[in-house]
Asker: 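Quick one: this structure, given as structure tokens, is what I'll be asking you about.
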Amino acid sequence: QVQLVESGGGLVQAGGSLRLSCAASGRTFSRHTMGWFRQAPGKEREFVAAISWNDATTSYANSVMGRFTNSRDNAKNTVYLQMNSLKPEDTAVYYCAASTIYSTDGARYAYWGQGTQVTVSS
């Protein structure tokens, strides 16, 4: 069982930066792939980024490639999403999630946080 709590969301102007954190409980955190997903009002949830349990593999959505960086600290049971050069279209609720396999498909993730709102003003 893994419990996830996101933090770090907020309101930022276009071009600004935010860093999201996702703190996990549970002794098996280091064995899980961690993913970030987001959902904007009226839109379906979409994949943002994923990182394997050992940092060996990362994936990003094309829309955030080069602007967002996903990292993890297994000693702290925490995963981070550094978001730079934010755009109004990045506005969404951001969720972290945990999976026992590496995937960009949200259906593969068994554990989800409650989400944190990110709002980017133009």
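The structure presented is a predicted model; accordingly, all values stated were derived computationally and were not measured.
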Asker: How close do Ser71 and Val79 get, counting heavy atoms only, and between which atoms?
Answerer: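 Reported closest heavy-atom pair: O-CG2, 3.0 Å.
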
Asker: Provide the full list of salt bridge (charged side-chain N to carboxylate O under 4.0 Å, His left out) pairs with a residue in residues 100-121, sequence neighbours left out, each pair given once.
Answerer: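 For residues 100-121, and leaving out neighbouring residues, there are no salt bridge (charged side-chain N to carboxylate O under 4.0 Å, His left out) pairs at all.
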
Asker: Search all heavy atoms of His32 against all heavy atoms of Arg72 and return the closest pair with its distance.
Answerer: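 Reported closest heavy-atom pair: O-NH1, 2.7 Å.
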
Asker: Answer yes if Leu81 and Tyr111 sit in the same cluster of Ile, Leu, Val, Met, Phe, Trp and Tyr residues linked by side chain heavy atoms under 4.5 Å apart, and no otherwise.
Answerer: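 Yes, it is one cluster - the side chains of Leu81 and Tyr111 are joined through contacts under 4.5 Å.
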
Asker: To the nearest 0.5 Å, tell me how far Ile51 CD1 sits from Cys96 SG.
Answerer: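 Between Ile51 CD1 and Cys96 SG, I get 12.5 Å after rounding to 0.5 Å.
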
Asker: Starting at CG of Leu86, measure out to OG of Ser121 and round the result to the nearest 0.5 Å.
Answerer: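 Separation between the atoms: 10.0 Å.
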
Asker: What verdict does the ring pair (Phe, Tyr, Trp, His ring centres under 6.0 Å) test give for Phe47 and Phe37, after you've listed the backbone C-alpha separation in whole Å, the side-chain angles of each residue and the deciding distance to 0.1 Å?
Answerer: CA-CA 5 Å; Phe47 167 76; Phe37 297 81; 5.7 Å; yes

Asker: Which pair of non-hydrogen atoms, one from Phe29 and one from Asn74, has the smallest distance, and what is that distance?
Answerer: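 Minimum heavy-atom contact is CE2-OD1, 3.2 Å.
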
Asker: Does atom CZ of Arg31 have more than 12 heavy-atom neighbours, drawn from other residues, nucleotides or ligands, at distances under 6.0 Å?
Answerer: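 Incorrect, the count does not exceed 12.
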
Asker: Count the heavy atoms of every other residue, nucleotide or ligand shown that sit under 6.0 Å from CD of Gln3, and state whether that count exceeds 12.
Answerer: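 No, CD of Gln3 has 12 or fewer neighbouring heavy atoms, counting only those of other groups under 6.0 Å.
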
Asker: So for atom CD, which belongs to Gln114, do other residues, nucleotides or ligands contribute more than 12 heavy atoms lying within a distance under 6.0 Å?
Answerer: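 Atom CD in Gln114 is packed in, count exceeds 12.
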
Asker: Considering all heavy atoms of both residues, which atom of Thr33 and which atom of Ser52 are nearest to each other, and what is their separation?
Answerer: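 Looking at all heavy atoms of both residues, the closest pair is OG1-CA, 3.9 Å.
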
Asker: Determine whether Tyr95 and Cys22 make a side-chain contact, defined as any pair of heavy atoms from C-beta on separated by less than 4.5 Å.
Answerer: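 A side-chain contact is absent here, since even the closest heavy-atom pair is not under 4.5 Å.
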
Asker: With sequence neighbours left out, write down each residue that passes ring pair (Phe, Tyr, Trp, His ring centres under 6.0 Å) with Tyr94, or none if nothing qualifies.
Answerer: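 Not a single residue meets the ring pair (Phe, Tyr, Trp, His ring centres under 6.0 Å) criterion with Tyr94.
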
Asker: Scan the side chains in residues 10-20 for donor-acceptor partners under 3.5 Å anywhere in the protein, sequence neighbours excluded, and list what turns up.
Answerer:
unit_1, atom_1, unit_2, atom_2, d
Ser17, OG, Asn84, OD1, 2.9

Asker: Please report the interatomic distance OH(Tyr80) to OG1(Thr69), rounded to the nearest 0.5 Å.
Answerer: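 Rounded to the nearest 0.5 Å, the OH-OG1 separation comes out at 14.0 Å.
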
Asker: Could you pull out the closest heavy-atom pair between Tyr60 and Met65, with the gap in Å?
Answerer: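 Reported closest heavy-atom pair: O-CE, 3.7 Å.
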
Asker: Check whether any side-chain heavy atom of Val93 sits under 4.5 Å from a side-chain heavy atom of Arg38, and report yes or no.
Answerer: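 They are not in side-chain contact.
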
Asker: Just wondering, do Asp90 and Met83 contact through their side chains at under 4.5 Å, heavy atoms?
Answerer: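 In short, these two side chains do not touch, never coming nearer than 4.5 Å.
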
Asker: Are side-chain heavy atoms of Met34 and Trp53 found at a separation under 4.5 Å?
Answerer: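 Not touching, per the 4.5 Å side-chain cut-off.
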
Asker: Do Glu6 and Trp36 make a side-chain contact, defined as non-hydrogen atoms from C-beta onward lying under 4.5 Å apart?
Answerer: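 Side chain of Glu6 against side chain of Trp36, heavy atoms only: contact under 4.5 Å found.
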
Asker: Just by distance, do the side chain of Thr91 and the backbone of Val120 share a donor-acceptor pair under 3.5 Å?
Answerer: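 Confirmed, Thr91 side chain pairs with Val120 backbone.
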
Asker: How far apart are the closest heavy atoms of Tyr109 and Gly35, and which atoms are they?
Answerer: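 Distance-wise, the nearest heavy atoms are CE2-N, 3.5 Å.
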
